[in-house]
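These notes concern the structure reproduced below.
Basis for what follows: all heavy atoms, side chains included, without hydrogens, waters or symmetry-related copies. Keep in mind that this is a model prediction, so the values were computed, not measured. Lettering follows sequence order; numbering is per chain, from 1.
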2 protein chains.
Amino acid sequence: MKKDTNNLNQCETTIIHEEDVKRVSAKMPDDEHIRDLAELYKAFADSTRLKILTALSISELCVCDIAAILEMSSSAVSHQLRVLRQAKLIRDRREGKVVYYALDDNHVTSILLQGKEHIREAK
Amino acid sequence: MKKDTNNLNQCETTIIHEEDVKRVSAKMPDDEHIRDLAELYKAFADSTRLKILTALSISELCVCDIAAILEMSSSAVSHQLRVLRQAKLIRDRREGKVVYYALDDNHVTSILLQGKEHIREAK
DNA sequence: TGAATATTTGAATGATTGTTCAATTGAATG
DNA sequence: CATTCAATTGAACAATCATTCAAATATTCA
C-alpha cells in the first residue's frame, strides 16, 4: 500500500455532482473502521485460509490434521492459522502436545455462505 | 503465492486423527471453487475498494465523484473499479462522457453487514 | 475537424504477502 | 535430564498488488 500523496487529477477541481459528493462524504465511516473491515476480509482472501476455515467448519482439528488434509507443511499451516487467530475467526485449545483449532464465530459460516451464493449466481 | 513442492513435515507420516482427516478430506470442495471464493473476498480486502463499495451503497456515483469522496486520483479509483467490476460487485452505465457506477449485487450489502457485525463483537 | 474533459490503460515502483527452511518452544515420557 | 514430537517463529525469497505517472480512448461540443 502506498501513501496518499494528494496527487489528484483534474476531477478534484471539477466535481461533477457536488450534492452527492457532500452527502456521501458525510456518511462515510472513519478510516480506522474501514481498515479493520479490510483486515477481516483479508483473512478470507486466500485459498489456503479458506480451505482451513472450510475444514474447521466440518470438524475441530489439530495442526497435523489440517496439514494432512491440505497436503501442506505444518509450518505453512501454522503461519496461516496465526492470521485466522488474529482475525478472531478461530480459537485454539491445547491438549498436551497437540493444539486443536475450531471456528470461533457465528459470522464465519454466514460470510462463507453469502460468498458462495454470490459466485453461484454471478455466472 | 508459491507452488506446492510437496515438502511435508513429519506430520504427513504421523496423521494424528486418521478418521477425521479422511472424513473431512472427502467433504472438501474442489480447488477451483475455493479459488473463485478467494478471488471474491480479495475484492473486499482493501481499504480503497471497501470505501468505494460503501460509497456506492449510499448512492450511484461517477468516477470523479468517487475520486473526490476518497480524495484520490481518478486513475487509482479506476484501477480499483476494474477489480470490483471483474468480481461482479458493481455495474457501470455510461452517459455521455461520464460513467456511473452502482452496486450490482444483493450479497455485497449483506457480506458487508456480516463483516461489520464480526468486528463489532470481536472486541 | 479540433479542443476539452471523463475515463481507462500500461508500465514502473515500492509495499505486502505466502511459502520454505532452519531453528526454537512446549509438553509428555522413558 | 534427555529425547521425542507437535507446533510456532523468524528470516529470506518470489509473487502479488496498490498507486503513480504518462499516454491513450471515448464522447461532447464548438
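Considering only the side chain of B:His79, D:dT19 comes nearest among D:dT8, C:dT7, D:dT19. The side chain of A:Lys42 sits closest to C:dT17 out of C:dT17, D:dT19, D:dA11. Proximity note for B:Ser75 (side chain, C-beta onward) versus D:dA7, C:dT7, C:dG10: the nearest is C:dG10.
Contact record, B:Gly115 with A:Leu37: C-CD1, 3.6 Å, taken as the closest heavy-atom pair. The two residues A:Ile69 and B:Met28 come nearest to each other via the heavy atoms CG2-CG, 4.0 Å.
Applying the salt bridge (Lys or Arg N to Asp or Glu O under 4.0 Å) criterion to A:Asp31, with sequence neighbours excluded, gives B:Lys51. With sequence neighbours left out, the salt bridge (Lys or Arg N to Asp or Glu O under 4.0 Å) criterion links B:Asp92 to no other residue. Considering only residues two or more places apart in sequence or on other chains, B:Thr48 meets the side-chain contact (heavy atoms from CB on, under 4.5 Å) condition with B:Asp46, B:Ile52, B:Leu70, B:Met72, B:Gln80.
Interface residues of residues 48-56 of chain B facing DNA chain D, ordered by number: B:Thr48, B:Arg49; criterion, heavy-atom separation under 4.0 Å. The stretch residues 95-103 of chain A touches DNA chain C through A:Gly96, A:Lys97, each having a heavy atom under 4.0 angstrom from the strand.
Rounded to whole Å, atom C1' of C:dG18 lies 11 Å from atom CZ of A:Arg82. One can place CD of A:Glu71 at 13 Å from P of C:dT20, the figure rounded to the nearest angstrom. Per the geometry, CE belonging to B:Met72 stands 15 Å off C1' belonging to C:dT8, to the nearest Å. The nearest whole Å value for the distance from the CD1 atom in B:Ile34 to the C1' atom in C:dG18 is 16 Å. At whole-Å resolution of the value, NE2 in B:His17 and P in D:dC5 are 16 Å apart. To the nearest angstrom, P of D:dT8 lies 6 Å from CZ of A:Arg85. Counting to the nearest Å, the P atom of D:dT9 and the CD atom of A:Gln86 are 9 Å from each other. Distance CG (A:Asp46) to C1' (C:dT16): 13 Å, rounded to an integer number of Å.
Pairs of residues two or more places apart, or lying in two chains, never qualify as ring pair (Phe, Tyr, Trp, His ring centres under 6.0 Å) while including a residue from residues 49-91 of chain A.
A distance-only check finds a donor-acceptor pair linking the side chain of A:Arg49 to the backbone of A:Lys42 [under 3.5 Å].
C:dG30: Watson-Crick or G-U partner is D:dC1, with both key distances under 3.5 Å.
When each of A:Ser78 and B:Ala45 is assigned the nucleotide of DNA chain D bearing its nearest heavy atom, the one mapping closer to the 5' terminus is A:Ser78. Residues B:Ala76 and A:Gln80 both approach DNA chain C. Their nearest nucleotides, taken by heavy-atom distance, put B:Ala76 toward the 5′ side.
Side-chain contact annotation: A:Tyr101 with A:Arg85, donor-acceptor N/O pair under 3.5 Å present.
Regarding contacts with the backbone of C:dT20, a side-chain N or O of A:Ser73 is found under 4.0 angstrom from either OP1 or OP2.
Using a 4.0 Å cut-off between a side-chain N of Lys or Arg and a carboxylate O of Asp or Glu, A:Arg93 and A:Glu60 qualify as a salt bridge.
Between B:His107 and A:His118, the angle of the ring planes goes over 60°, which puts this pair in the perpendicular group of the 30/60° scheme.
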